[in-house]
Amino acid sequence: MIHDVIVVGSGAVGASIAFELASRGLSVCRVGETARRHSASRAAGAMNGCFGEVTRSLLASEHGRLKLAMDIHAKGLWAQWSERLTRASGNTAGLLSACGTHVILNSAGMADIDSVNYAAIEQALRDYQTFYTPVAPGELDWVRANDLVRPMQALLIPDENAIDAHLLLDKLDAALLGCGGEIIDGNARRVLSEGWSATGVALEDGRHLPARHVVVAAGVHSLDLLDGLEEIQRHIPPLFAGYGVSILLRLRPGQKSPQTVIRTPNRAFACGLHCVPRGDDLLYIGATNILAEQPRRHAQVSDVQFLLDCAVDQLNLDLHDAAIVDIQVGNRPIAADGFPLIGACDYDGLWLVTGTYRDGLHQSPLLASWIADRIEGLDHSLDLSCFTPLRAPLAGLPRDETVAETVRQMFATGYEYRWNIKPYWMPLLDQGMSENYTRLITSLHPRHTPPPELVAFSWLYRSMYERLARYYEAWS
């Protein structure tokens, strides 16, 4: 059988695209392990929020502001999307696990990161005329932090919620099957092509599946499927794994769970400390974000210890006697310029949707409708042409500001670890780190500059530096 579309990837993005296409009457086969081990979607807190993710850096570039516009657009789709999934899957369980988001500014981080990003969140809420309520720290019922890192300010965004990521993935599987789609519980090895047309995929078990269109939405592994298509592969921003750890806790009997998401502003290259209720006595704690040379399968002791210490200290001291139900590991796909890869790939019938970093699950209904419209030759209200996969590096922060932001984020990590550095050391550390990062960026390319997290980790890992250098050379 020649399918209309093969979708490679079983995370929230791939599964949503497959369901959307099948719901429009196309013959769809989705390829990817349904267990979704080590996928970003399964380990996600699944916060359906966009303003809580705002940072100064995001708002500083045209492409960052477009990402925010995508998040806002996606937020408006979730109510209808949830109804569609319920009808198609036959599963009537509600997706919402939390209603509302409290953003807290505490003293655990660094003023140049936490306070600035908290102010950016408030400014964005005002700019987009989105209702929010300032909250006195003493009115945060559930938060009982260590006094050394107690909240100083807080606000409530009532229409930024969270969903149960595991339930969402189960519903997407059932909804696709309910629309007549097919699921292959196995992995693809590479995209097949003839001339300049994609013709299907080769599976790891040796089978070949033909199709008129192939959508690759396999997260951090997406570009591995383009081996053999070197003409385009070297002109696509390479993907890096943002390894993250999250933990599911069972609260002790009698201990109440928060009703809202509780989070800090984004800090230290991650999405801020956050907790998300998952039922009466389950609590999701997240999340770390560490760029790795390869996707990771297991959590490191240091990351688990750090996350638990932060949760107990900054959120609720009573968590010290909660039970650990599960330690989850996910790998977020981060493109070399920090922006998503969305659209056609020069080969007829070949589409790529990845590089969504922390936004993939939240944006999945939007990305599904956008790709489905493109495959059917329809217009879409959002112009995402700047995120085409074959592109020169998109500009983010200016080079000198990238260096400064990298240093700030590294310092913020130290403050959250409660380092105790004497004041006279700070200018020396600042100067030394700034000089190191400036030399690294200058040696990579005279014009192209990676985002701060890739600067920091490319200094640590030579393989990341070399992958960036090869990509920059392809566009020189």
Would you indicate whether the side-chain heavy atoms of L319 and L283 approach each other to under 4.5 Å?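 Yes. Closest side-chain heavy atoms under 4.5 Å.
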Has the side chain of Y284 got a donor or acceptor atom that lies under 3.5 Å from a matching backbone atom of G45?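 Confirmed, Y284 side chain pairs with G45 backbone.
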H63: ring pair (Phe, Tyr, Trp, His ring centres under 6.0 Å) partners, not counting sequence neighbours: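 By the ring pair (Phe, Tyr, Trp, His ring centres under 6.0 Å) rule, H63 matches F339.
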Ion pair present between R36 and D173, side-chain N to carboxylate O less than 4.0 angstrom?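 So R36 pairs with D173 through a salt bridge.
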Using 4.0 Å as the upper bound for N to carboxylate O, is an ion pair formed by E405 and R408?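 Answer for the salt bridge query: yes.
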Polar side-chain atom of D164 near backbone of L95 as donor-acceptor pair, under 3.5 Å: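 Side chain of D164 to backbone of L95, a donor-acceptor pair under 3.5 Å: no, none is there.
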So does Q259 have more than 12 non-hydrogen atoms from other groups sitting under 6.0 Å from CD?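 Counting other residues, nucleotides and ligands, CD of Q259 stays at 12 neighbours or fewer.
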Minimum-distance pair of heavy atoms, taken over all atoms of N187 and G32: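 So the two residues come closest at OD1-CA, 4.0 Å.
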Please evaluate residues K75 and D159 with respect to the criterion side chain to side chain contact (heavy atoms under 4.5 Å, CB included), reporting the C-alpha separation (whole Å), side-chain torsions for both, the decisive distance (0.1 Å), and the verdict. CA-CA 9 Å; K75 188 165 77 166; D159 68 343; 3.4 Å; yes
Which atoms form the tightest heavy-atom contact between L444 and A469, and what is the distance? CD2-N, 3.8 Å
How many angstroms lie between OG in S10 and CG in L172, if you round to the nearest 0.5 Å? 10.5 Å
Do the side chain of S246 and the main chain of A43 share a donor and acceptor less than 3.5 angstrom apart?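 Yes, because the side chain of S246 sits within donor-acceptor range (under 3.5 Å) of the backbone of A43.
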Residues that H448 engages under ring pair (Phe, Tyr, Trp, His ring centres under 6.0 Å), provided they are two or more places apart: H445, Y472
Ignoring hydrogens and angles, tell me if any N or O in the side chain of W370 forms a donor-acceptor pair with the backbone of L382 under 3.5 Å. yes
Does atom CH2 of W459 have more than 12 heavy-atom neighbours, drawn from other residues, nucleotides or ligands, at distances under 6.0 Å? no
Student check: side-chain heavy atoms of Y357 and N289 closer than 4.5 Å: yes
Is the closest basic N to carboxylate O distance between R263 and E53 below 4.0 Å? yes
Under the 3.5 angstrom rule, does the side chain of S369 hit a backbone N or O of L366 as a donor-acceptor pair?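 Yes, S369 side chain to L366 backbone: donor-acceptor pair under 3.5 Å.
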Given 3.5 Å as the limit, does a donor-acceptor pair link the side chain of R252 with the main chain of A322, or not?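 Absent.
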One thing to verify: whether E466 and R462 come together as a salt bridge, which I'm taking to mean a side-chain N less than 4.0 angstrom from a carboxylate O. yes
Any heavy-atom pair between the side chains of M70 and I342 that's under 4.5 Å?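 Sidechains of M70 and I342: in contact.
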So, does Q314 use its side chain to make a donor-acceptor pair with the main chain of L273 at under 3.5 Å? no
Minimum heavy-atom separation for T34 to D185, with atom names?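 Nearest pair, atom of T34 first, then D185: N-OD1, 2.9 Å.
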Does the side chain of I72 come within less than 4.5 Å of F51's, by heavy atoms? yes
Take I184 and I6, measure what side chain to side chain contact (heavy atoms under 4.5 Å, CB included) needs, and give me the verdict at the end. CA-CA 10 Å; I184 292 182; I6 290 175; over 6 Å; no
Taking the side chain as every heavy atom from C-beta outward, state whether H73 and S381 have any pair of such atoms under 4.5 Å apart.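 The answer is yes; the side chains approach within 4.5 Å.
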Side-chain polar contacts of residues 204-211 - donor-acceptor pairs under 3.5 angstrom, sequence neighbours left out - could you list them?
{"from": "D205", "atom 1": "OD1", "to": "R207", "atom 2": "N", "distance (Å)": "3.0"}
{"from": "D205", "atom 1": "OD1", "to": "R207", "atom 2": "NE", "distance (Å)": "3.4"}
{"from": "D205", "atom 1": "OD2", "to": "R207", "atom 2": "NE", "distance (Å)": "2.9"}
{"from": "D205", "atom 1": "OD2", "to": "R207", "atom 2": "NH2", "distance (Å)": "3.0"}

Between D227 and R190, is there a side-chain N and carboxylate O pair less than 4.0 Å apart?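 R190 and D227: not salt-bridged.
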Find the distance between CD1 (I262) and CG (N316) and round it off to the nearest 0.5 Å. 8.5 Å
Verify side chain to side chain contact (heavy atoms under 4.5 Å, CB included) between R374 and H380, making sure each step is shown before the conclusion. CA-CA 8 Å; R374 292 293 307 279; H380 194 278; 6.0 Å; no
Side chains of T402 and P451: does their closest heavy-atom pair fall under 4.5 Å? no
Any chance the side chains of D303 and Y243 put a donor and an acceptor closer than 3.5 Å?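 D303 vs Y243: donor-acceptor pair found between side chains.
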Could you check whether the rings of H362 and W78 sit parallel, tilted or perpendicular, using 30° and 60° as the cut-offs?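 Plane angle under 30°, so parallel.
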Are K67 and D359 side-chain neighbours, meaning at least one heavy-atom pair lies under 4.5 Å? yes
Is the side chain of W475 donor-acceptor paired with the backbone N or O of R391 at a distance under 3.5 Å, no angle test?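 Confirmed, W475 side chain pairs with R391 backbone.
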Point-to-point distance, once rounded to the nearest 0.5 Å, from CZ of R84 to OG of S89: 12.0 Å
If you measure from CG on L26 to CZ on R212, what distance do you get to the nearest 0.5 Å?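 Going from the CG atom of L26 to the CZ atom of R212 covers 9.5 Å.
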Do K256 and D318 meet the salt-bridge criterion of a basic N to acidic O distance under 4.0 Å? no
Take I236 and L226 through the test side chain to side chain contact (heavy atoms under 4.5 Å, CB included) and record every step on the way to the result. CA-CA 10 Å; I236 298 175; L226 305 185; 3.8 Å; yes
Can you measure from OH (Y465) to CZ (R470) and round to the nearest 0.5 angstrom? 12.0 Å
What are the two closest heavy atoms between S222 and L352, and how far apart are they? CB-CD1, 4.0 Å
Closest approach of C50 and D71, non-hydrogen atoms and distance?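 Scanning both residues, the minimum pair turns out to be CB-CB, 3.2 Å.
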Within the 4.5 Å heavy-atom criterion, are T101 and H274 side-chain neighbours or not? no
Do N91 side-chain atoms and K171 backbone N/O form a donor-acceptor pair below 3.5 Å?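 No, N91 side chain to K171 backbone: no donor-acceptor pair under 3.5 Å.
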Under a 3.5 Å distance rule, please check whether E293 uses its side chain to pair with a backbone N or O of M464 as donor and acceptor. no
Can you tell me how far the CD atom of Q233 sits from the CG atom of L225, to the nearest 0.5 Å?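 Here the interatomic distance stands at 10.0 Å.
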For P237 versus Y471, what's the shortest heavy-atom pair and its separation?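 In terms of heavy atoms, the two residues are closest at CG-OH, 3.2 Å.
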